[in-house]
Amino acid sequence: MAIVTTSKKACSVNPLKMSQPIGGSFAFMGLRGAMPLLHGSQGCTSFGLTLFVRHFKEAVPMQTTAMSEVATVLGGYENVEQAILNIYNRTKPEIIGINSTGVTETKGDDVEGFIRLIRQKHPQLEKFPLVYVSTPDFKDAFQDGWEKTVARMVEVLVDPVEAGAVRDVERVNVLPGCHLTPGDLDELRTILEDFGLKPSFLPDLAGSLDGHIPDEFTPTTIGGIGVDEIATMGQAAWTIAIGAQMKRAAEAMQERTGVPFRLFERLCGLIPNDEFIAFLSEISGRPVPVKYRRQRGQLADAMLDTHFHIGGRKLAIGAEPDLLFDLSSMLYEMGAEVAAAVTTTASPVLERVKAQEVLIGDLEDLEDLAKARGCDLLVTHSHGRQAASRLKIPFYRAGFPMFDRLGAGHLMSVGYRGTRDLVFDLANLVIADREDNHQPTPDTWRTTDTGLQVVPPQLH
Amino acid sequence: MAIVTTSKKACSVNPLKMSQPIGGSFAFMGLRGAMPLLHGSQGCTSFGLTLFVRHFKEAVPMQTTAMSEVATVLGGYENVEQAILNIYNRTKPEIIGINSTGVTETKGDDVEGFIRLIRQKHPQLEKFPLVYVSTPDFKDAFQDGWEKTVARMVEVLVDPVEAGAVRDVERVNVLPGCHLTPGDLDELRTILEDFGLKPSFLPDLAGSLDGHIPDEFTPTTIGGIGVDEIATMGQAAWTIAIGAQMKRAAEAMQERTGVPFRLFERLCGLIPNDEFIAFLSEISGRPVPVKYRRQRGQLADAMLDTHFHIGGRKLAIGAEPDLLFDLSSMLYEMGAEVAAAVTTTASPVLERVKAQEVLIGDLEDLEDLAKARGCDLLVTHSHGRQAASRLKIPFYRAGFPMFDRLGAGHLMSVGYRGTRDLVFDLANLVIADREDNHQPTPDTWRTTDTGLQVVPPQLH
Amino acid sequence: MSSLSATIQDVFNEPGCGKNANKTEAERKKGCTKQLQPGGAAGGCAFDGAKIALQPFTDVAHLVHGPIACEGNSWDNRGSASSGSDLWRRSFTTDMNETDIVFGGEKRLYKAIKEVIEKYDPPAIFVYQTCVPAMIGDDINAVCKAAATKFGKPVIPVNSPGFVGPKNLGNKLAGEALLEHVIGTAEPDYTTPYDINIIGEYNLSGEFWQIKPILDELGIRILSCISGDGKYRELAYSHRAKAAMMVCSKAMINVARKMEERYGIPFFEGSFYGIQDSSDSLREIARMLIERGAPAELMERTEAVIAREEAKAWAAIERFKPRFKDKKVLLITGGVKSWSVVAALQEAGLEIVGTSVKKSTKEDKERIKELMGQDAHMIEDMTPREMYKMLKDARADIMLSGGKSQFVALKAAMPWLDINQERSHGYMGYIGMVELMEEIEKALYNPMWAQLRKPAPWDEAGVSWQTKAMAQMEAQAAEIAAEPAVAEATRRAKKICFCKTVDLGSIEDAIAAHGITTVDGVKQHTNASGGCGACKGRVEDILAAHAAPMLQAAE
Amino acid sequence: MSSLSATIQDVFNEPGCGKNANKTEAERKKGCTKQLQPGGAAGGCAFDGAKIALQPFTDVAHLVHGPIACEGNSWDNRGSASSGSDLWRRSFTTDMNETDIVFGGEKRLYKAIKEVIEKYDPPAIFVYQTCVPAMIGDDINAVCKAAATKFGKPVIPVNSPGFVGPKNLGNKLAGEALLEHVIGTAEPDYTTPYDINIIGEYNLSGEFWQIKPILDELGIRILSCISGDGKYRELAYSHRAKAAMMVCSKAMINVARKMEERYGIPFFEGSFYGIQDSSDSLREIARMLIERGAPAELMERTEAVIAREEAKAWAAIERFKPRFKDKKVLLITGGVKSWSVVAALQEAGLEIVGTSVKKSTKEDKERIKELMGQDAHMIEDMTPREMYKMLKDARADIMLSGGKSQFVALKAAMPWLDINQERSHGYMGYIGMVELMEEIEKALYNPMWAQLRKPAPWDEAGVSWQTKAMAQMEAQAAEIAAEPAVAEATRRAKKICFCKTVDLGSIEDAIAAHGITTVDGVKQHTNASGGCGACKGRVEDILAAHAAPMLQAAE
């Protein structure tokens with residue numbers, strides 16, 4: 001039972017957190033033909049855009065209402081209207097997804113009201129899918145923006161289903177948290193299909209941001225789930241929500257359509273995947289394919305091989321709540337000590353992190369804790385690179401953004417296979433660090449006379 | 001057109017090569033219930049065994065005829081007989097695969113003759129599968145041992161098929177070279193099955209050395225292809241041979257059963273996989289699944305992302321012929337210069353390596369060449385680690401053995417996906433090296449006045 | 001009028017700026033606030049611009065006052081290199097929460113400054129204002145002043161909320177902050193007749209270190225580089241320089257001009273991209289220093305070094321000539337670079353088949369014409385599809401551009417090289433130009449392209465997205481060509497002013513109808529160039545094209 | 001009799017070896033060549049043993065004369081650490097080809113020596129003979145001699161072809177090479193009364209550096225360590241040491257004993273594994289040095305250091321007590337280690353539920369009984385299935401063993417720790433023992449085990465392979481227990497001698513029938529222990545068990 005505390009600092013140093021509006025835009029990127037639109041100053045969009053481009057190494061669609069100082073004061077109706085019209089006319093999207101920002105929330109723009117007005121004024125937009133989500137920058141974090149936006153998608157885009165309607169038993173909705181990569185979604189799709197299930201992912205970043213070469217020049221998203229498919233998600237037999245952040249959307253789905261849901265808070269590690277695979281076997285009525293039996297064995301074996309290196313490690317981890325919970329739990333189960341855990345925002349999973357304490361803080365906090373507690377493995381997103389080089393401990397990049405390495409979209413942590421590759425990568429990182437930095441020398445154990453309790457760092 | 005030369009040194013320093021008998025034993029490890037047996041002194045087996053155990057982190061079955069000095073002189077009949085009987089009685093194998101070694105070849109033991117005699121003497125062994133292959137240590141290399149052994153398996157274990165016999169159009173034989181990992185085989189199996197084909201892998205290391213937890217204590221191989229399945233391989237519609245080393249086995253198969261074969265010399269890279277997938281589409285009569293269309297796009301995109309880092313690299317590569325040809329060709333196609341190429345044994349593919357010269361030599365040769373030619377990327381097996389640390393250039397481990405990192409069995413280089421992950425790994429290695437060792441400083445370009453032709457190393 | 005508005009107006013009055021010089025008083029008053037188009041904008045904001053300009057000061061703590069978006073989404077994203085402190089790479093932000101919005105964020109800001117000083121003790125703190133605290137009225141000037149007094153340390157307010165305008169406005173607002181609060185607040189230990197400032201150079205990828213050894217060799221001391229690898233104290237005493245070089249015309253011209261005005265430091269606009277430019281800049285630095293009292297022999301030494309470096313560079317480039325024979329380059333970049341690298345590329349045997357002039361001044365364009373001839377392809381704004389067509393039509397072998405257009409080129413399987421800020425290679429000075437050649441050679445000859453251009457074997461020829469796009473465009477072109485009326489309609493339909501959506505036909509009609517000869521005239525009648533002003537050049541070209549026959553007619 | 005055979009015979013006459021001491025003259029003559037069983041052997045060969053013993057000499061070039069298998073399949077596979085040269089990690093081999101086999105490999109070997117000297121100029125070269133050149137009659141002694149003369153550098157032949165016997169024979173043959181060619185060929189610059197040799201210590205994972213600081217502190221100089229982190233010159237003058245410690249009883253006892261014989265250097269057999277052993281060894285070193293002339297105060301200083309280090313170690317171990325309460329350890333290792341770590345583990349609160357005695361001497365077993373009581377589980381050779389049962393039956397919480405049995409433990413989801421040569425941690429001396437505790441704690445409390453022991457949810461309980469295996473064994477056991485005749489038959493069917501396949505019943509019958517009281521007697525009647533001799537201990541135990549009632553009966 002971890003104690004969750006919040007940093008008391010006035011100054012955040014080396015933020016771990018990113019803002020919630022771009023978390024919202026990120027969710028819209030998983031819809032087909034979408035244009036995410038931030039209602040704010042153009043910097044709000046351009047920073048987010050740059051972050052996504054650096055992470056995925058892809059052109060990413062994202063627009064702005066380009067609020068000027070004057071517009072901010074007068075209210076942004078005109079900007080929202082003009083932005084929607086411009087996008088609608090120029091890029092011919094299938095949906096525009098709007099998130100508010102700090103600027104427009106401070107003023108208090110009634111964007112839902114604006115949209116009603118715009119639909120009235122422009123009949124061509126009457127039925128055009130427009131989803132708006134309030135996501136001020138000065139509250140919550142990236143993950144919250146995703147959470148709220150997906151929940152809102154369900155509320156706005158899924159057709160209600162009457163109780164007792166016939167369901168398609170093979171159809172399954174999957175609501176993935178923002179901590180899953182396109183590679184994770186590809187893997188989940190394969191697994192579900194191997195059980196004969198037909199999954200609908202909302203959102204589906206695997207279709208849009210998996211780094212394939214597009215079939216045409218289009219300024220909106222390419223791939224992703226279509227608005228038409230979303231509308232019919234109420235016909236599915238089950239909803240699978242992945243990550244606690246997706247409970248809200250799953251509940252919305254259930255409320256709207258009666259589709260029952262099962263929440264998997266984690267999909268990294270042996271037991272979580274046992275539960276997942278058993279569940280799929282149950283709902284599909286099919287036995288577990290040999291492939292997954294073998295993959296399970298491979299994971300168990302990988303755990304045995306790697307536990308010598310991961311076990312006993314003092315982990316410092318900084319990540320958004322669901323990723324933090326998932327990775328730190330897996331590493332705890334491999335024998336690592338979760339010595340420093342920092343996150344961005346509140347979540348019910350935090351108190352179940354296998355650490356004494358979880359701090360809602362920044363990377364300075366993480367670095368200080370890692371140093372004070374003698375951590376010897378750092379896991380966080382690319383912004384941790386400076387801390388890692390100062391701490392001189394092995395650094396595993398996890399989460400968003402990962403801008404200083406390639407292939408971020410294809411990293412996997414879900415499934416037996418994803419977990420297997422992850423623990424191999426981590427162990428190899430530790431082994432390489434040992435070779436590079438901790439070779440024994442004649443002076444390694446030449447301690448001053450302060451007692452054996454002071455064990456040299458390379459002994460851990 | 002590379003010129004192939006052989007090192008003239010009397011002393012091999014830091015060998016790249018391993019011996020052919022253990023290459024033969026390795027092939028036997030891909031059969032179910034097999035016990036590979038080396039006819040030689042017990043050291044011949046124990047060194048090989050240790051090598052496999054360190055690579056796979058698995059208990060590996062391998063036995064020895066334990067030739068003593070006296071037995072060597074007198075001839076090894078008794079030892080072979082006793083070894084076969086002991087193995088047969090104790091471990092209840094489905095097949096015993098015997099390779100000769102330098103010791104017994106120097107004496108000139110007629111093992112085929114021994115086996116005939118043993119079968120006569122011990123009726124219980126009359127029909128018991130015993131495959132013998134001559135593989136003296138003082139000739140050829142690991143890959144050759146595999147090549148000869150698989151060809152011999154075909155000759156001995158596959159039932160002949162009469163011309164005009166009905167074939168199972170869905171059945172495909174796959175003869176993988178020893179440069180493929182269990183992970184590669186798993187991937188190939190998935191691909192073939194996605195085209196509705198039923199593959200038989202000979203040998204099938206994926207079933208035996210993929211690191212799964214076994215179902216029972218058995219001293220022989222677990223998993224792998226069964227002797228019964230091998231016998232029926234003549235019913236397949238096609239044989240796919242992977243790596244030039246497998247041509248011999250494929251030809252043996254064709255001769256014995258009439259099954260036509262297609263040789264894929266490479267399966268790493270875009271074009272080789274285009275050819276492979278197109279071939280599968282052709283023989284299966286099925287369109288290419290969306291999954292592989294998307295994977296192709298992902299690979300193309302990965303190539304674009306990574307070519308900035310791989311392009312222009314001066315590659316030093318040491319590997320057995322087929323792996324050398326495969327990886328160096330792929331890297332050449334990504335813009336790397338194959339500046340130093342060293343291999344272990346002769347092969348028709350060598351002269352098609354995209355280098356000026358291919359040397360049959362050792363890791364000292366590779367290190368010297370890499371130094372002289374300013375190479376900045378080293379690719380070879382784990383024994384290259386010392387050279388890499390002296391050269392201070394990024395080091396990618398490829399081939400067998402890989403004893404200083406975990407997960408060797410799951411590394412992939414085949415398929416769009418395997419190539420994609422490989423180029424990401426390589427590019428990230430280069431990026432990390434750049435960050436760690438080549439950050440610009442005020443003195444980086446402070447050249448002495450020797451002309452701009454002398455470009456500092458970090459400019460490459 | 002608030003002090004920020006005044007500063008902004010002041011910036012837009014900048015006489016050193018070519019663009020402003022051409023604007024009417026009224027236009028200037030509007031500043032840049034109008035040039036952003038909802039749903040169609042892409043660039044960064046003023047805060048972004050301010051941060052870009054100042055962040056390369058390495059020993060300063062850069063503290064961003066605002067909600068997490070401004071700093072949390074953007075930090076550690078620039079490739080400037082430091083030879084000393086790494087404090088500039090750390091990120092500091094007040095990460096304002098809802099309570100701060102309601103009750104004001106000044107207290108938090110003050111506490112944040114205190115924390116930064118206690119923990120990191122920097123020589124100075126730059127405090128960046130952003131939109132939200134500006135909206136709720138946080139007075140960062142007052143907070144900074146109070147903190148500076150309390151902690152005895154410079155705390156510099158940088159008033160640059162994002163919504164006041166685009167990046168280049170932010171660059172200038174940053175410059176204003178330096179002028180108002182920093183420059184002239186310290187004295188160097190000593191001065192020499194060889195002291196210069198470099199203004200607007202960020203030392204991306206450490207590329208300034210490609211040219212600095214030459215300055216060192218000549219005994220020329222960089223008193224302050226604003227801001228690449230810069231230090232606060234150097235900045236504070238930079239007013240004692242004898243001369244200055246302004247590297248990027250748009251970014252901090254106000255700093256250069258006002259330092260000339262206030263401290264009599266003459267400056268010139270130069271570039272270290274390209275061999276000729278590097279030599280010109282070195283000469284100009286020497287000339288100015290001599291003018292300000294340095295011994296005349298400096299010029300001889302400079303010429304000697306230039307001769308030596310040029311010889312070495314040309315010799316090094318020589319080896320690329322056979323490799324570059326018949327190779328064509330499309331150059332998509334802005335401003336100075338659009339022509340400054342052209343000469344070197346041409347010397348190495350590359351043919352430049354087009355260069356973008358989106359951000360170029362009239363002078364830039366003249367230089368391009370000089371170098372590439374009257375028929376130079378000068379490319380304005382293009383859609384990705386158009387850019388692809390251009391690549392194909394011009395039969396270019398490689399595109400050099402900034403990161404933004406990279407995906408167009410790459411996805412079209414065209415060799416591409418980053419020559420803007422995100423690149424990891426330095427291309428400055430003589431050695432940098434050789435480096436550029438090397439990279440071009442690598443990109444051009446990468447065997448990958450041929451593979452990527454091949455369609456998958458199961459795709460029918462002609463159904464790849466590129467061929468589809470091309471076929472579509474060619475069909476349209478054929479249609480147009482076949483029908484003169486359609487061709488004319490198409491020509492006239494070409495959009496000239498994107499902000500106000502004015503096409504060529506409307507402008508031509510207005511010119512013909514009203515005998516307009518000025519851009520202002522066109523604007524009055526058509527509203528073209530009434531937005532961001534970017535199309536001014538295009539309108540001028542149209543006017544020129546119409547003036548010629550009219551003049552002829554008049555003769 | 002060739003010189004190699006003579007050497008082998010000599011080695012088997014080794015009076016220092018407990019095993020040999022118990023053998024008859026005839027048995028000794030057979031040497032170890034008989035103990036390998038075709039289709040049932042597993043260990044390394046004599047060449048392997050020689051290389052293991054000598055390779056830790058760091059500045060020597062180790063050149064293997066043979067086909068690629070001997071060196072190509074095995075190099076760089078040991079974790080010895082060096083504080084200086086890394087030459088020992090490079091691999092040199094003649095990689096003999098078919099032509100060499102036909103025409104002889106001596107020329108190639110000579111050329112290889114020349115190449116090594118030209119390229120690496122080592123202080124000496126060790127040349128290892130392997131099977132194939134031995135078969136074809138390559139005379140490496142002659143080649144080494146010629147090369148040494150020609151190049152003026154020691155070239156030491158190590159006659160250790162694999163087929164002459166197992167690893168431990170190779171260890172001794174390596175020792176013979178040192179005795180014959182190296183030791184005594186140089187003089188140290190100076191000597192001190194505190195000079196010792198350490199024999200048979202390989203500095204795996206650098207663990208000797210866990211104890212060396214203490215020797216340094218006491219002023220005890222390691223004149224030569226044979227061979228961990230050793231240097232050739234030190235080895236050459238090692239005959240000037242005042243005393244020696246022999247670390248591993250089996251490996252190089254011939255070196256220790258013959259150095260005593262030739263140079264009067266007394267030695268003792270000691271261990272630095274375990275706290276008590278470390279202290280005993282330090283005391284013994286001090287005692288011997290004092291005996292050889294060192295000042296008596298050395299003992300006081302030694303006692304003081306021991307007291308301090310023990311106190312620190314026990315204090316450090318204290319913290320593991322609550323963690324180790326009720327935890328049971330199964331120790332599967334050989335020789336000295338089977339009891340030397342027991343005391344420390346027990347002191348930390350661990351219960352040792354079994355220890356293997358496969359390679360243990362009678363003395364080792366006595367020590368075990370002392371420590372663990374008469375009912376100590378002493379485990380002989382076991383099949384993996386039996387080992388698993390043992391783990392379960394003894395309800396052990398962790399197994400400590402060498403790498404070979406790891407897969408049994410791990411696949412059975414049992415915590416396991418490598419305490420033999422492949423481990424990457426050092427466990428020597430006081431600090432090493434604490435380190436061992438840490439590793440045990442880590443392994444014991446890893447939450448992974450619980451997960452791995454859970455069957456997959458879709459497996460029915462009881463169908464995992466472990467449960468299947470257990471059920472099978474339990475069914476058998478039940479069957480046996482239910483039927484006394486079967487139980488007795490099973491008991492009697494237990495195999496005692498694996499080489500000659502002799503079961504317990506046959507031996508008991510022979511003892512009963514012939515009143516046998518000696519192992520030799522048993523052998524004559526049953527052939528048991530007529531092979532490798534490993535079962536000698538088991539036969540002794542059977543004799544002892546039968547002797548007791550007989551004695552009682554006689555009373």
Side-chain angles (χ1 to χ4, degrees), chain A residues 9-15 17-19 21-22 37 40-51 53-54 58-59 63-73 78-80 82-87 90 101-103 106-107 136-139 141 213-217 219 383 385-386 403, chain C residues 33-34 36-48 63 66-77 86 89-98 100-101 108-109 111-116 119 131-132 135-136 161-164 166 383-385 388 403 407-408 411 465 468-469:
Chain A
K9 299 188 301 192
C11 182
S12 171
V13 183
N14 304 335
K17 184 167 64 171
M18 274 145 293
S19 73
I22 66 168
L37 171 65
S41 136
Q42 76 168 349
C44 305
T45 290
S46 76
F47 284 140
L49 187 61
T50 303
L51 206 56
V53 168
R54 291 177 86 204
E58 293 295 322
Q63 264 300 343
T64 173
T65 58
M67 294 292 284
S68 67
E69 186 169 14
V70 179
T72 311
V73 177
E78 265 187 49
N79 288 60
V80 173
Q82 214 186 327
I84 291 175
L85 286 174
N86 269 329
I87 294 167
R90 283 199 198 169
T101 65
V103 177
T106 300
K107 159 69 186 167
D137 298 301
F138 46 74
K139 268 179 70 178
I213 306 257
D215 277 338
E216 47 182 327
F217 287 111
H383 278 303
R385 61 182 178 170
Q386 294 182 47
F403 51 75
Chain C
T33 49
K34 280 282 171 217
L36 307 175
Q37 198 198 8
C45 62
F47 160 65
D48 193 7
L63 170 58
I68 193 65
C70 308
E71 179 68 358
N73 297 354
S74 76
W75 68 288
D76 197 12
N77 67 355
D86 73 343
R89 284 186 70 200
R90 301 205 197 211
S91 167
F92 301 96
T93 177
T94 49
D95 183 11
M96 295 172 79
N97 61 29
E98 214 165 4
D100 299 319
I101 308 303
R108 176 181 283 269
L109 175 59
K111 269 189 68 188
I113 293 168
K114 185 162 175 277
E115 286 177 12
V116 172
K119 279 192 280 196
C131 302
V132 168
M135 285 174 76
I136 62 172
F163 56 25
V164 301
T383 67
R385 190 176 287 217
Y388 180 71
F407 301 111
V408 171
K411 300 258 169 179
W465 66 282
K468 263 192 285 185

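Both backbone and side-chain heavy atoms feed into the values below; hydrogens, waters and symmetry mates do not.
- Using cut-offs of 30° and 60° for the angle between ring planes, the F47(C) and F47(A) rings count as perpendicular.
- The shortest non-hydrogen separation linking P38(C) to N86(A) is O-ND2, 2.9 Å.
- Contacts with chain A were tallied for S74(C), G40(C), S91(C), C45(C); S91(C) has the most, counting heavy-atom pairs under 4.5 Å.
- Considering only heavy atoms from C-beta on, D48(C) comes within 4.5 Å of S46(A) through its side chain.
- Using a 4.5 Å heavy-atom threshold, the side chains of T93(C) and P15(A) count as touching.
- For K17(A), the parts sitting under 4.5 Å from any heavy atom of chain C are the backbone and the side chain alike.
- Per-residue heavy-atom pair counts under 4.5 Å with chain A were compared for A46(C), A69(C), G162(C), G66(C), and the maximum is reached by A69(C).
- For T64(A), the parts sitting under 4.5 Å from any heavy atom of chain C are the backbone and the side chain alike.
- Residue K119(C) touches chain A through its side chain alone, counting heavy-atom pairs closer than 4.5 Å.
- Per-residue heavy-atom pair counts under 4.5 Å with chain A were compared for R89(C), K111(C), M96(C), and the maximum is reached by R89(C).
- In the model, D76(C) has a side-chain atom that pairs as donor or acceptor with a side-chain atom of Q386(A) under 3.5 Å.
- No side-chain donor-acceptor contact under 3.5 Å links N73(C) to the backbone of L51(A).
- Residue R108(C) comes nearest to K9(A) through the heavy atom pair NH1-O, 3.7 Å, listed as atom of the first residue, atom of the second, then distance.
- Contacts with chain C were tallied for I87(A), I84(A), T65(A), L49(A); T65(A) has the most, counting heavy-atom pairs under 4.5 Å.
- Your options are A71(A), A10(A), A66(A), and the one with the most heavy-atom pairs under 4.5 Å with chain C is A10(A).
- Inter-residue side-chain proximity for P161(C) and E69(A) is flagged as unmet; no heavy-atom pair is nearer than 4.5 Å.
- With a threshold of 4.5 angstrom between heavy atoms, E98(C) approaches chain A through its backbone and through its side chain.
- Among L37(A), V73(A), T72(A), T45(A), the residue making the largest number of heavy-atom pairs under 4.5 Å with chain C is T72(A).
- Per-residue counts of heavy-atom pairs under 4.5 Å with chain A were compared for L63(C), N77(C), V116(C); the largest is that of N77(C).
- Counting only heavy atoms from C-beta outward, the side chains of V132(C) and D137(A) never approach each other to under 4.5 Å.
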